[in-house]
Colleague: 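For reference, the structure I am asking about is given below.
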Amino acid sequence: MCLIKEVFINEIEILNLQHAENIFEQGQVLLINKPLEWTSFDVVKKIRNLVRIKKVGHAGTLDPLATGLLIVCTGKFTKRINEYMSQEKEYTGRFTLGAVTPTYDLESKPIEIKDYSHLDKDTIRAATKQFTGEILQVPPIHSAIKQGGKPVDQLARRGEDVQLQARKVTIKEFAITGIELPNVEFRVVCSTGTYIRSLANDFGKSLGVGGYLASLCRTRIGSFYLKDAMRMEEAEQRITESLHNGS
């Protein structure tokens, strides 16, 4: 009797697991607060391993040094990824003035150090106007954009010449929320395809002192907000519970 009971319980657990997997196969949208230094693919890989299906993807890359909202779709909902990617984005973060970096952020060391002490708050705030509305923006050469079938980042790191064309993007709002030189806090609402790293570089150039992105957090994608996102630990717990409970 004990053996029969044990087999019966195991069969129930298998059925529950299959049912739980079907939930993710049928489609789920997971809002994740991407941790610092994780790549967007790291998050997808982790969730793919947890839900135990192959069809998992994200709706918009965040750089490793960025944090914030990452939309992850599973199963049949991966068809919605392009829809989510095309939606308006909101970011907050910090520029550092008085230097530039090859990657436009802190993945590389600051160079071309310049004096910024002559800048005042009114000048800094006024500089945002030229970057509001529809503008032309050149993406960073250290990015996942492909040239000749290869990511330009790989070409740039090998020292090869990389030439990227300017693209039209729309910056709906660009507000300076705090100034404590050399650091400038900001909030940006923009279209898909906008590189905040390029904005940092161009903003610093417009002020004549250079600038780079020191920190970045994505707070919104369309109607999805960071405040509703799960930390990775919480996501892992919830997914594990769903698999165990079969719901």
Colleague: So, taking the atom named NZ in Lys129 and the one named OG in Ser206, what distance separates them when rounded to the nearest 0.5 Å?
Modeller: 13.0 Å

Colleague: Are Thr132 and Glu173 side-chain neighbours, meaning at least one heavy-atom pair lies under 4.5 Å?
Modeller: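 A side-chain contact under 4.5 Å is absent here.
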
Colleague: Gly60 and Ser40: which non-hydrogen atoms are nearest, and at how many Å?
Modeller: O-OG, 4.5 Å

Colleague: State plainly whether one hydrophobic cluster holds both Ile196 and Ile135, where clusters connect Ile, Leu, Val, Met, Phe, Trp and Tyr through side-chain heavy atoms under 4.5 angstrom apart.
Modeller: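 Yes, one cluster joins them.
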
Colleague: Going by heavy atoms in the side chains, are Val189 and Lys89 under 4.5 Å from each other?
Modeller: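 The answer is no; the side chains never approach within 4.5 Å.
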
Colleague: Please say yes or no: joined through hydrophobic side-chain contacts below 4.5 Å, possibly via intermediate residues, are Leu97 and Phe174 part of one cluster?
Modeller: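 Hydrophobic grouping puts Leu97 with Phe174.
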
Colleague: In the structure I gave you, are the side-chain heavy atoms of Thr74 and Glu25 within less than 4.5 Å of one another anywhere?
Modeller: no

Colleague: Charged N to carboxylate O under 4.0 angstrom, Arg218 versus Glu90?
Modeller: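 No salt bridge links Arg218 with Glu90.
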
Colleague: Hey, which of Thr96, Ile176, Thr128 is the one that makes side-chain contact (heavy atoms from CB on, under 4.5 Å) with Val184?
Modeller: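 Answer after filtering Thr96, Ile176, Thr128: Ile176.
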
Colleague: Is it true that atom NZ of Lys55 has more than 12 heavy atoms of other residues, nucleotides or ligands lying nearer than 6.0 Å?
Modeller: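 Correct, the count exceeds 12.
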
Colleague: With the side chain counted from C-beta on, respond yes when Thr101 and Tyr212 share a heavy-atom pair under 4.5 Å apart, and no when they do not.
Modeller: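 Thr101 vs Tyr212: side chains touch.
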
Colleague: Taking atom types as modelled, find out whether Glu233 and Gln237 have a side-chain donor-acceptor pair closer than 3.5 angstrom.
Modeller: no

Colleague: Given the ring of Tyr225, does Lys227 sit roughly above its face, with NZ or CZ under 6.0 Å from the centre of the six-membered ring and within 45° of the axis?
Modeller: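 Because its charged atom sits under 6.0 Å from the ring centre and within 45° of the axis, Lys227 does stack over Tyr225.
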
Colleague: Given Leu213 and Tyr91, is the side chain to side chain contact (heavy atoms under 4.5 Å, CB included) satisfied, shown in steps?
Modeller: CA-CA 12 Å; Leu213 185 63; Tyr91 298 90; over 6 Å; no

Colleague: Quick one: CG on Leu69 to NE2 on His58, what's the gap to the nearest 0.5 Å?
Modeller: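 Separation between the atoms: 12.5 Å.
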
Colleague: Does Ile53 belong to the same Ile/Leu/Val/Met/Phe/Trp/Tyr cluster as Ile47, with side-chain heavy atoms less than 4.5 Å apart forming each link?
Modeller: yes

Colleague: For the atom pair CG (Asp228) and CZ (Arg220), what is the distance rounded to the nearest 0.5 Å?
Modeller: 12.5 Å

Colleague: Is Val188 reachable from Val169 through a run of hydrophobic residues whose side-chain heavy atoms are each under 4.5 Å from the next?
Modeller: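 Yes, Val169 connects to Val188 through the hydrophobic network.
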
Colleague: Working to the nearest 0.5 Å, report the span between CD of Glu234 and CD1 of Ile239.
Modeller: 10.5 Å

Colleague: Are side-chain N/O atoms of Asn201 and Ser198 paired as donor and acceptor at under 3.5 Å?
Modeller: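 Distance-only check fails for Asn201 and Ser198.
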
Colleague: Do Arg80's NZ or CZ and the ring of Tyr84 fall within the cation-pi criteria of under 6.0 Å and 45°?
Modeller: no

Colleague: Evaluate Phe95 against Asn183 for side chain to side chain contact (heavy atoms under 4.5 Å, CB included), listing each step before the verdict.
Modeller: CA-CA 6 Å; Phe95 299 151; Asn183 296 314; over 6 Å; no

Colleague: Looking only at atom types and distance, does a side-chain atom of Asp115 sit under 3.5 Å from a main-chain N or O of Ser117, one as donor and one as acceptor?
Modeller: yes

Colleague: With a 4.5 Å cut-off on side-chain heavy-atom distances among I, L, V, M, F, W and Y, is there a chain of contacts connecting Phe131 to Tyr195?
Modeller: no

Colleague: Is the closest side-chain heavy-atom distance between Leu181 and Ile124 below 4.5 Å?
Modeller: yes

Colleague: Within the structure provided, determine whether Leu216 and Thr67 are in side-chain contact (heavy-atom separation under 4.5 Å).
Modeller: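 Side-chain contact under 4.5 Å: no.
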
Colleague: Does some side-chain heavy atom of Leu119 sit less than 4.5 Å from a side-chain heavy atom of Val209?
Modeller: yes

Colleague: How long is the straight-line distance from CZ of Phe203 back to CZ of Phe186, given to the nearest 0.5 Å?
Modeller: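 Result: 10.0 Å between the selected atoms.
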
Colleague: Would you tell me whether Thr170 and Ser191 have side-chain atoms, one donor and one acceptor, within less than 3.5 Å of each other?
Modeller: no

Colleague: Rounded to the nearest 0.5 Å, what's the gap from CZ on Arg187 to OG1 on Thr92? Could you check?
Modeller: 9.0 Å

Colleague: Would a 4.5 Å heavy-atom cut-off, applied to side chains only, mark Lys172 and Cys190 as touching?
Modeller: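 No - every pair of side-chain heavy atoms lies 4.5 Å or more apart.
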
Colleague: Taking only residues two or more places apart in sequence, or in another chain, which ones meet Lys76 in a side chain to side chain contact (heavy atoms under 4.5 Å, CB included)?
Modeller: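 Lys76 satisfies side chain to side chain contact (heavy atoms under 4.5 Å, CB included) with no residue once adjacent residues are dropped.
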
